[in-house]
Amino acid sequence: MAKQIVKMTLNGQQVEQLVDSRTLLVHFLREQMNLTGAHIGCETSQCGACTVDIDGESVKACTHLAVQCDGSDVKTVEGLAENGVLHPVQEAFYEEHGLQCGYCTPGMLMRSYRFLQENPNPTEDEIRTGISGNLCRCTGYQNIIKAVQSAATKLQDKETASA
Amino acid sequence: MIPPSFEYHRPSTVEEAVGLLSSLGSEAKILAGGHSLLPMMKLRFAMPEHLVDINRISELSGVSVVGDNITIGAMTTENAVIADPILNEKVPLLPEAAKLIADPQVRNRGTIGGDIAHGDPANDHPALALACDAVMTVVGPAGARQIPASEFFLGTYWTALNDDDILTAITVKAFPDGAGYSYRKLKRKTGDWATAACAVVVALSGGKVSHIRITLTNLGPTAIRAHDAEAVLSGQAVTDELIKHAAEKAMAICDPAEDLRGDVEYKTAMAGQMVQRAIAEALSRAN
């Protein structure tokens with residue numbers, strides 16, 4: 001019962017799916033679309049492991065219904081790399097070792113990706129506030145901050161190069 | 001955790017939404033940002049048979065000014081409150097306090113109206129609404145009506161809203177020139193609710209207090225306005241001693257629920273600290 005047709009742009013592709021209205025976006029992504037990048041951590045919008053981008057804003061996919069995304073543009077960590085080339089944010093996390101166990105990483109990447117568009121040249125304090133909705137229980141924050149700083153530089157260099 | 005089954009409705013006007021609420025009765029709930037309701041549904045604390053999603057009703061979002069009155073659409077998100085130039089200029093308490101609510105992702109979804117309509121004493125906007133003398137615009141089957149914040153919060157998860165009402169807007173007055181303001185919130189970590197919090201708005205005339213509001217978050221079954229504490233400062237040239245005295249008056253009306261954030265004694269003591277700090281900061285900004 002209570003199924004709805006949902007159309008959305010998902011990582012640049014048009015998708016049309018029949019969705020139970022109670023299905024949370026994170027379950028829709030993982031179980032129906034086989035995109036297991038967004039992780040289910042706390043399920044209570046505390047940890048941010050499920051962070052995705054909806055219409056240009058970071059959202060916790062565990063506290064959002066898939067039916068609410070009808071007509072939306074959704075991006076997950078699977079949509080970050082283009083043509084097999086890592087996004088500068090991914091590259092920076094790799095180089096700066098911005099992960100330990102990796103569980104929080106998809107959420108950290110998606111939040112950092114959006115945060116650096118909101119604030120392309122952040123201070124360390126602004127980074128800490130900007131990613132305050134994402135928890136790393138390995139407590140690997142120092143390298144995560146370094147990775148975001150490095151990603152900011154990479155993105156700005158890229159901007160300058162293309163200007 | 002998956003919410004129980006429900007029928008999903010997505011009206012595009014307030015009229016359509018009120019019509020749905022009237023016909024569906026008490027089994028329907030409004031879905032605003034969803035960051036209180038969906039967690040409650042996952043835990044089966046709420047099991048509505050119908051969700052009426054008002055996110056696509058564009059007239060419910062945004063900030064507008066008519067004279068001294070600033071009207072904030074109920075579906076304006078916390079991040080939109082933080083970024084809004086009108087609010088930052090005329091009611092700076094609201095954007096400053098909104099930065100202390102939840103975290104960046106949640107603030108993209110959480111709305112000022114949802115925070116108020118939920119009736120949770122731990123939410124921050126009820127005390128802020130009391131501090132700003134806010135007036136709620138509520139639309140029901142009989143049309144629109146205005147409810148002052150002082151008559152809106154009736155108990156825990158209990159407001160003046162009927163089942164078929166929608167809170168559509170919150171109207172506040174621009175602060176008087178030179179008004180000082182502060183929101184001091186003690187919390188254990190980012191995203192947590194207040195252990196104790198206090199909002200203060202103060203204006204001075206000839207060095208004496210000509211306008212004062214002192215309101216409290218999560219220190220009773222609803223947000224509280226500390227009238228006796230205000231009376232201590234009203235008309236006075238404020239001294240440290242008077243601030244302490246006002247804080248004692250505020251502590252006297254605190255009735256917090258004991259939880260993992262602390263017992264009643266601790267929370268009441270912290271309330272006193274937040275009141276003192278908020279008064280001091282508001283005064284330091286007033287001129």
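Chain identifiers are assigned alphabetically (A, B, ...) following the order of the sequence lines, protein sequences preceding nucleic acid strands; residue numbering begins at 1 within each chain. As the structure is a computational prediction, the values presented were derived from the model and not from experiment.
- Within 6.0 Å of NZ on B/Lys90 lie no more than 12 heavy atoms contributed by other residues, nucleotides or ligands.
- Taking the centre and axis of the six-membered ring of B/Tyr181, the NZ or CZ atom of B/Arg285 falls inside the cone set by 45° and 6.0 Å.
- Using non-hydrogen atoms only and a strict 4.5 Å limit, the part of residues 68-89 of chain A facing chain B consists of A/Gln68, A/Cys69, A/Asp70, A/Ser72.
- Looking at A/Arg111 and A/Glu118, a side-chain N of the basic residue comes within less than 4.0 Å of a carboxylate O on the acidic one, giving a salt bridge.
- Within residues 188-200 of chain B, the residues having any heavy atom less than 4.5 Å from a heavy atom of chain A are, in residue-number order, B/Lys189, B/Thr190.
- B/Glu78 and B/His125 share a side-chain donor-acceptor pair at under 3.5 Å.
- Between chain A and the residues B/Asn79, B/Leu37, B/Leu43, B/Asp53, the most heavy-atom pairs under 4.5 angstrom are made by B/Asp53.
- If you measure heavy-atom distances from B/Asn55 to chain A, the contacts under 4.5 Å come from the side chain alone.
- Among the candidates B/Ile86, B/Leu94, B/Thr71, the single residue satisfying the side-chain contact (heavy atoms from CB on, under 4.5 Å) test with B/Val63 is B/Ile86.
- Between chain A and the residues B/Pro104, B/Pro4, B/Pro39, the largest count of heavy-atom pairs under 4.5 Å involves B/Pro104.
- Heavy atoms closer than 4.5 Å to chain B are found nowhere in A/Arg114, neither backbone nor side chain.
- Summarising the local packing, CG of B/Leu260 is surrounded by 12 or fewer heavy atoms from other residues, nucleotides or ligands at distances under 6.0 Å.
- Results of the salt bridge (charged side-chain N to carboxylate O under 4.0 Å, His left out) test with B/Asp124 over B/Arg184, B/Lys99, B/Lys185 single out B/Lys185 as the only residue that passes.
- Residue contact with chain B, scored on non-hydrogen atoms closer than 4.5 Å, involves the side chain of A/Thr51 exclusively.
- Contacts between A/His64 and chain B at a heavy-atom distance below 4.5 Å involve backbone atoms as well as side-chain atoms.
- The parts of A/Glu57 that come within reach of chain B are both its backbone and its side chain, each placing non-hydrogen atoms under 4.5 angstrom from that chain.
- Sparse packing is recorded around CD of B/Glu15, with 12 or fewer heavy atoms of other residues, nucleotides or ligands lying under 6.0 Å away.
- Only the side chain of B/Lys42 comes within contact range of chain A, with heavy atoms under 4.5 Å apart.
- A/Gln100 and A/Asn143 are not linked by any side-chain donor-acceptor pair at a separation below 3.5 angstrom, with hydrogens and angles left out of the test.
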